[in-house]
Amino acid sequence: MMLNNILKEAATVAIAGHIRPDGDCVGSCMGLYQYLTENEPDRQVDVYLGEIPDAYRYLLPEGVIRHQVLADTKYDLFICLDCADKERLGFAGTVFDQAKRTWCIDHHISNRKFADENLVKPDASSTSELVYRILDRKKVSKRTAELLYLGIVHDTGVFQYSCAGPATFRAAAELLEKGIDAPSIIQNTYYEKTYAQNQIMGRALLESIVFMDGACIAAYVTKKIMDFYGVSPKDLDGIVSQLRVTKDVEVAVFMYETEASVYKVSLRSKEKIDVSRIAAYFGGGGHVRAAGFTLAGTPHDVLNNLSKQIEHQMKGDQENPTGDNT
Ligand code: 5GP
Ligand code: MN
């Protein structure tokens, strides 16, 4: 599949990603936007995304991203990136509904294939890597390369996760050849934290609990604590990865309160547990090693429900050590 087969005659194109956009969502949407504005100037291209983390902003053109939908926005083509189901499109869902044709380009194993046509490749480390595969590589500029690199860096945890395969490194190498400042992208968007972000991470780690003989670790922050440190959900990136690196832990759980007694839950695993299956059980989704969902209840209710599912899978794996569950 190449981009031209997706674009066809579309004169107007909308691009959107999932709610609370992360590095891969922003990188893939804005990388594709940048490529199209440079190489397909006759087409009108608009991007719809939620609030962008401050740290990514220096890589983005100003005033381009639309944060709300005007009435009657009917596009020839809607391209949905890094988004596994219709609900995750959030406010851009109405643009999707009105579009003449819809395409979904994604790497989530849990993708529901909700568009007219769907390019879903769970073998891709990131949607940004997948977008790179369908572009004409010669026409990828330094600006586009920076954005796709941002996405790959974030979804691979700076190339550390198992999703980063040979194809990922080859794509990254080709993006480096475009002259991008890779160390700055990694430092500025991935590792750098504000003082408040570090403080709330410290607090979450300090109050974390381990259970199942140390195989699981969990931490949560309430809305009240977030207000105390003056942080919002987009400032909480990285906490679950820090929990995950704890020695002997297989599953890390991080939760934050989105509204009174409703928690957004992030799951990460190291090598055995398929957290996408657990997230799907609770109505969410994601990848084998990184997934999420939203659940109502106290943090203890959420953890109780969750630990049953984790235990269930751990037991299943013990009875069936090859991991072949078919
Ligand atoms: P995170 O924990 O960083 O929010 O998300 C980890 C992965 O799971 C991401 O790929 C994200 O898209 C996916 N994910 C997180 N929450 C949800 C959810 O509520 N529904 C679905 N379908 N996927 C989710
Ligand atoms: Mn992604």
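Remember, it's 1-based here, ligands and their atoms both numbered in the order they're listed. Not measured: the values here are computed from a predicted model.
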Should [X] be counted as touching ligand 1, given the test is an N or O pair under 3.5 Å?
X: R88; result: yes
X: D85; result: yes
X: H287; result: yes

Looking only at protein heavy atoms, identify the closest one to [atom] and say how far it is in Å.
atom: atom 19 (O) of ligand 1; value: F293 CA, 3.5 Å
atom: atom 18 (C) of ligand 1; value: G292 O, 3.4 Å
atom: atom 8 (O) of ligand 1; value: A291 CA, 3.2 Å
atom: atom 2 (O) of ligand 1; value: S266 OG, 2.6 Å
atom: atom 21 (C) of ligand 1; value: G285 N, 3.2 Å
atom: atom 10 (O) of ligand 1; value: H108 NE2, 2.7 Å
atom: atom 4 (O) of ligand 1; value: K264 NZ, 2.9 Å

| Atom CZ of R170 with >12 non-hydrogen neighbours under 6.0 angstrom |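 Counting other residues, nucleotides and ligands, CZ of R170 stays at 12 neighbours or fewer.
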| field | More than 12 heavy atoms of other groups within 6.0 Å of Y229 OH | value |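 Yes, because the 6.0 Å sphere around OH of Y229 holds more than 12 heavy atoms from other groups.
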| Close-contact set for ligand 1 against A290 heavy atoms, below 4.0 Å |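 It comes down to these atoms of ligand 1: 6 (C), 7 (C), 8 (O).
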Would you confirm whether [X], through its side chain, and [Y], through its main-chain N or O, come within 3.5 Å as a donor-acceptor pair?
X: K270; Y: R244; value: yes
X: E250; Y: K272; value: yes
X: E257; Y: K223; value: yes

| query | Is any side-chain heavy atom of S128 closer than 4.5 Å to a side-chain heavy atom of L150? | reply |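 Not touching, per the 4.5 Å side-chain cut-off.
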| query | Below 4.5 Å, heavy atoms only, C-beta onward: do P233 and M226 meet side chain to side chain? | reply | yes
| field | Between D22 and H154: side-chain donor-acceptor atoms closer than 3.5 Å | value |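 Absent: no donor and acceptor within the cut-off.
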| Which distance, rounded to the nearest 0.5 Å, do you find between the CG of L36 and the CZ of R43? | 7.5 Å
| Are any N, O or S atoms from D24 nearer to the Mn ion (ligand 2) than 2.8 Å? |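 For D24, the answer is yes, given that an N, O or S atom comes within less than 2.8 Å of the Mn ion (ligand 2).
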| message | Report whether any nitrogen, oxygen or sulfur of H107 sits less than 2.8 Å from the Mn ion (ligand 2) (N, O or S, backbone or side chain). | response | yes
| task | Would you mind naming the N, O or S atom of D155 nearest to the Mn ion (ligand 2)? | result |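 Of the nitrogen, oxygen and sulfur atoms in D155, the Mn ion (ligand 2) lies nearest to OD2.
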| task | Would you mind naming the N, O or S atom of D82 nearest to the Mn ion (ligand 2)? | result |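 Relative to the Mn ion (ligand 2), the closest nitrogen, oxygen or sulfur of D82 carries the name OD1.
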| query | Is the F114-F96 ring centre distance short of 6.0 angstrom? | reply | yes
| task | Kindly state whether the ring of Y256 and the ring of Y220 have centres lying under 6.0 angstrom apart. | result | no
| message | If we only consider heavy atoms of R268, is any one of them less than 4.0 Å away from an atom in ligand 1? | response | yes
| Mode of R20 contact toward ligand 1 - side chain, backbone, both, neither (heavy atoms, under 4.0 Å) |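 It is neither; nothing of R20 touches ligand 1.
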